[in-house]
Amino acid sequence: ADSGDADVELPTIRHQPEGLEQLLARTNFTKSELQFLYRGFKNECPSGLVDEETFTLIYSRFFPQGDASSYAHFLFDAFDADHNGALCFQDFAVGLSVLLRGTEQQKLKWAFDLYDVNKDGCVTKEVTVGNAGGLVGWGHPDMDLPVLCVPQDMLEIMKSIYAMMGRCTEPVLGASAPAQHVELFFQKMDRNRDGVVTFEEFLATCQE
């Protein structure tokens with residue numbers, strides 16, 4: 001285990017100046033801003049790496065009124081660009097740069113990737129109300145009314161946001177609120193009505 005830790009830390013020490021120059025090129029932060037962010041990152045994560053459990057604990061501090069664990073999972077995946085299960089300072093700095101200093105298209109691409117839970121390049125409608133549990137009444141397979149489909153990727157995200165906000169939501173919303181919210185959103189985004197939202201559709205709608 002000790003040798004493994006050494007392998008993780010050595011490249012950081014050896015390539016620190018080179019890494020700073022690379023980050024200056026890859027982000028929109030200044031040298032002093034990166035140094036400030038790095039000090040804060042190392043203070044929270046002395047090892048230089050953050051696993052999902054630690055990330056969730058840190059993020060949950062900002063939302064004590066609710067359960068932020070599910071949303072933190074999606075957020076962690078969005079920051080974890082190489083999907084290796086750990087965030088290094090580079091992952092954090094690059095992601096934060098997009099959110100704070102990125103172009104409109106870069107920010108929208110980051111948001112789209114967050115909604116694209118299964119990372120297949122699009123947001124799809126996969127679950128029908130009749131099988132969704134607790135959502136029957138929007139439409140039912142045994143009736144003549146069409147079965148309403150719920151966009152699964154975004155439904156999971158929306159549920160996590162509602163859970164994170166907890167009792168901050170006024171008035172208190174019912175169990176079907178996340179699905180209603182997402183359905184309206186999906187209807188607006190799916191411009192060609194093929195049941196799939198691509199990044200191009202997402203971008204075009206957001207820029208209107």
(request) Tell me whether Leu184 is reachable from Phe202 by hopping between hydrophobic residues (I, L, V, M, F, W, Y) whose side-chain heavy atoms are closer than 4.5 Å. (result) no
(message) So does Thr30 get a backbone contact from the side chain of Glu33, meaning a donor-acceptor N/O pair under 3.5 Å?
(response) yes
(request) Check for a donor-acceptor pair, side chain of Lys119 on one end and backbone N or O of Asp113 on the other, with a separation under 3.5 Å. (result) yes
(message) Minimum heavy-atom separation for Phe199 and Lys109, please, with both atom names.
(response) CE1-CA, 3.4 Å
(request) May I ask you to decide whether Glu208 forms a salt bridge with Arg191, counting only side-chain N to carboxylate O separations under 4.0 Å? (result) yes
(message) Please report the interatomic distance SG(Cys206) to NZ(Lys107), rounded to the nearest 0.5 Å.
(response) 13.0 Å
(request) Inspect the surroundings of CD in Gln105 and state if more than 12 heavy atoms from other residues, nucleotides or ligands are less than 6.0 Å away. (result) no
(message) Taking Ala163's backbone N and O only, do any of them form a donor-acceptor pair with Asp67's side chain (distance below 3.5 Å, no angle check)?
(response) no
(message) Using a strict threshold of under 4.0 Å (side-chain N to carboxylate O), is an ion pair present between Arg193 and Glu201?
(response) no
(request) Kindly work out whether a path of hydrophobic side-chain contacts (I/L/V/M/F/W/Y, heavy atoms less than 4.5 Å apart) joins Leu20 to Tyr38. (result) yes
(message) Is the shortest side-chain heavy-atom distance between Val123 and Tyr115 below 4.5 Å?
(response) yes
(request) Find the distance between CE (Met189) and CG (Leu203) and round it off to the nearest 0.5 Å. (result) 10.0 Å
(request) Answer yes if the side chains of Arg101 and Thr27 hold a donor-acceptor pair under 3.5 Å, and no otherwise. (result) no
(message) For the CG atom of Asn84 and the CG atom of Asp80, what is their distance to the nearest 0.5 Å?
(response) 5.0 Å
(message) Under 6.0 Å between ring centres: does that hold for Phe79 and Trp110?
(response) yes
(request) Go through Glu156 and Phe74 one step at a time and tell me if the side chain to side chain contact (heavy atoms under 4.5 Å, CB included) criterion holds. (result) CA-CA 9 Å; Glu156 293 304 312; Phe74 296 125; 3.9 Å; yes
(request) Measure the CG-CD distance between Leu23 and Gln35 for me, rounded to the nearest 0.5 Å. (result) 11.5 Å
(message) Looking at every heavy atom in both Phe76 and Asp51, which two are closest together, and how far apart are they?
(response) CE1-C, 3.6 Å
(request) Determine the minimum heavy-atom distance between Phe63 and Ala68, stating which atoms define it. (result) CB-CB, 4.3 Å
(request) Begin with the C-alpha distance, continue with both residues' side-chain angles, and end with the deciding distance and a verdict on side chain to side chain contact (heavy atoms under 4.5 Å, CB included) for Asp120 and Cys122. (result) CA-CA 6 Å; Asp120 63 353; Cys122 60; 3.8 Å; yes
(message) Are Leu37 and Phe29 packed together at the side-chain level, in the sense that at least one heavy-atom pair is separated by less than 4.5 angstrom?
(response) yes
(request) Could you tell me which non-hydrogen atom of Val50 sits nearest to which non-hydrogen atom of Cys45, and how far apart they are? (result) CG2-SG, 3.0 Å
(request) Using atom types as modelled and distance alone, determine if a side-chain donor or acceptor of Asp91 lies under 3.5 Å from a backbone N or O of Gly95. (result) no
(request) State, to 0.1 Å, how close Leu49 and Ala86 come at their nearest heavy-atom pair, and which atoms those are. (result) CD2-CB, 4.4 Å
(request) Please tell me if the side chains of Thr56 and His73 come closer than 4.5 Å, counting only heavy atoms from C-beta onward. (result) no
(request) Compare every heavy atom of Phe55 with every heavy atom of Leu87, then report the nearest pair and how far apart it is. (result) CD1-CD1, 3.7 Å
(request) Would you kindly confirm whether Phe36 and Leu96 end up in one hydrophobic cluster when ILVMFWY residues are joined by side chain heavy atoms under 4.5 Å apart? (result) no
(message) Looking at Glu44 and Arg61, is there a salt bridge between them, counting it only when a charged N and a carboxylate O are closer than 4.0 Å?
(response) yes
(request) Determine whether Leu100 and Tyr59 fall in the same hydrophobic cluster, where Ile, Leu, Val, Met, Phe, Trp and Tyr are linked whenever their side-chain heavy atoms lie under 4.5 Å apart. (result) yes
(message) How long is the straight-line distance from SG of Cys88 back to CG of Asp82, given to the nearest 0.5 Å?
(response) 6.5 Å
(message) Starting from Leu114, can I reach Ile58 by hopping between I/L/V/M/F/W/Y residues whose side chains sit under 4.5 Å apart?
(response) no
(request) To the nearest 0.5 angstrom, please state how far the CG atom of Asp116 sits from the OG1 atom of Thr198. (result) 11.0 Å
